[in-house]
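Just so you know, residue 1 is the first one in the sequence shown, and it goes up from there. Numbering of ligands and ligand atoms starts at 1, following listing order. Fair warning: this is a prediction, and the values are worked out from it, not measured in the lab.
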Amino acid sequence: MTIKILIEEIDQTNKDIYDLLLLGDESKDMLNDYIGRSHKYVAKISEEIVGIIVIIKTRPKTLEIVNIAVKEEFQKKGIGKQLIKYVINRARAEENKIIEIGTGNCGINQIALYQKCGFRIVGVEPDFFKHYYEEFYENGILCKDMIRMKLYL
Ligand code: COA
């Protein structure tokens with residue numbers, strides 16, 4: 001059964017939202033760079049914000065999902081998928097043509113999720129994470145390369 005969430009756009013962030021954003025992007029520098037020029041949509045259950053998705057417009061008719069995160073205790077309940085579907089539907093309604101997303105090579109579950117939402121792998125940027133982040137592992141894999149994915153609407 002799909003968990004019932006309310007999705008709405010927000011303008012402002014606070015400490016709780018910023019912490020959630022850091023789950024989806026380890027780099028504060030990158031986060032601070034895009035957050036002011038992004039659209040942010042939160043998933044709410046009752047009044048609690050349980051997830052967020054952030055998009056920026058990169059080129060004409062092209063959007064990029066630059067952050068997605070669901071609070072740990074609410075993960076694996078379909079909220080991430082609902083947030084992505086919401087952005088896809090909105091992008092389509094606004095006559096965009098492409099949505100892009102990038103994720104680390106170690107993010108096996110994220111790569112699965114994005115493919116289930118229709119994204120295809122279109123490229124790899126080897127050593128993308130070498131200079132940006134402290135070393136980090138997920139699923140026992142050192143994060144090194146950026147997997148670039150696209151959805152043609
Ligand atoms: N283990 C196994 N599969 C997982 C998974 C996990 N931990 N997380 C997501 N998936 C996959 C499954 O294939 C699932 O498919 P199914 O519905 O057919 O079972 C699909 O993703 C949908 O999962 P969903 O419940 O919608 O994902 P979520 O609400 O947990 O949100 C993230 C997914 C990635 C946003 C969430 O796990 C998260 O916030 N992670 C930390 C931040 C992060 O990594 N952000 C992305 C940066 S690129």
Quiz item: What residue and atom, counting heavy atoms only, is the protein's closest point to atom 44 (O) of ligand 1, and at what distance?
Solution: Q110 NE2, 2.7 Å

Quiz item: Tell me: protein heavy atom nearest atom 17 (O) of ligand 1, and distance?
Solution: K81 NZ, 3.2 Å

Quiz item: Do K44 and I7 come within less than 4.5 Å of each other through their side chains, counting heavy atoms only?
Solution: no

Quiz item: Hey, is E72 touching ligand 1 through its side chain, its backbone, both or neither, going by heavy atoms under 4.0 Å?
Solution: neither

Quiz prompt | Subset of ligand 1 atoms that lie under 4.0 Å from at least one heavy atom of I79 | solution = 26 (O), 29 (O)

Quiz prompt | Derivation of the side chain to side chain donor-acceptor pair (under 3.5 Å) call for N109 and Y114 | solution = CA-CA 9 Å; N109 300 320; Y114 306 148; over 6 Å; no

Quiz item: Among all protein non-hydrogen atoms, which one is nearest to atom 40 (N) of ligand 1, and what is the separation to 0.1 Å?
Solution: Q75 NE2, 3.5 Å

Quiz item: Between L153 and I98, which heavy-atom pair has the shortest distance, and what is it?
Solution: CD1-N, 4.1 Å

Self-check item: Nearest non-hydrogen protein atom, atom 12 (C) of ligand 1
Solution: K116 NZ, 3.7 Å

Quiz prompt | Nearest-neighbour protein heavy atom for atom 35 (C) of ligand 1, which is reported as residue plus atom name and distance | solution = I68 CG1, 3.7 Å

Quiz prompt | For V42 against L83, the heavy-atom pair lying closest together | solution = C-CD2, 4.4 Å

Exercise. With side chain to side chain contact (heavy atoms under 4.5 Å, CB included) as the test, would you mind laying out the steps for I65 and V54 before giving the verdict?
Key: CA-CA 6 Å; I65 297 173; V54 182; over 6 Å; no

Quiz item: Can you tell me which residue and heavy atom of the protein come closest to atom 22 (C) of ligand 1, and the distance to 0.1 Å?
Solution: L113 CD1, 3.3 Å

Exercise. Using distance alone, decide if ligand 1 has a nitrogen or oxygen within less than 3.5 Å of any nitrogen or oxygen in K76.
Key: yes

Exercise. Please check if the side chain of N14 supplies one atom and the backbone of I17 the other of a donor-acceptor pair under 3.5 Å.
Key: yes

Practice problem: Pull out every atom of ligand 1 sitting under 4.0 Å from any heavy atom of T103, numbered as shown with elements. | Solution: 48 (S)

Quiz item: Would G107 count as a contact of ligand 1 if the rule is a heavy atom under 4.0 Å away?
Solution: no

Quiz prompt | Side-chain donor or acceptor of Q82 paired with backbone N/O of I3 under 3.5 Å | solution = yes

Practice problem: Using distance alone, decide if ligand 1 has a nitrogen or oxygen within less than 3.5 Å of any nitrogen or oxygen in E138. | Solution: no

Quiz item: Closest heavy-atom contact between L23 and A69?
Solution: CB-CB, 4.0 Å

Practice problem: Write out the residue and atom name of the closest protein heavy atom to atom 4 (C) of ligand 1, then the distance separating them to 0.1 Å. | Solution: N109 CB, 3.6 Å

Quiz item: Do any pairs count as a salt bridge (charged side-chain N to carboxylate O under 4.0 Å, His left out) and have a residue in residues 141-153, sequence neighbours left out, and if so which ones?
Solution: E64-R148, E100-K150, E125-R148

Exercise. With atom 25 (O) of ligand 1 as the reference point, say which of G24, G80, G78, C106 has the nearest heavy atom.
Key: G78

Quiz item: Considering distance alone, does some N or O of Q82 sit under 3.5 Å from an N or O of ligand 1?
Solution: no

Quiz item: With atoms numbered from 1 as shown, which atoms in ligand 1 lie under 4.0 angstrom from a non-hydrogen atom of L23?
Solution: 42 (C), 43 (C)

Exercise. Report yes if the side chains of N105 and C143 come closer than 4.5 Å at any heavy-atom pair, otherwise no.
Key: yes

Quiz item: Mind checking whether V70 has an N or O less than 3.5 Å away from an N or O of ligand 1?
Solution: yes

Exercise. Please test N67 against K40 for side chain to side chain donor-acceptor pair (under 3.5 Å), starting from the C-alpha separation and ending with a verdict.
Key: CA-CA 9 Å; N67 198 318; K40 300 168 275 299; over 6 Å; no

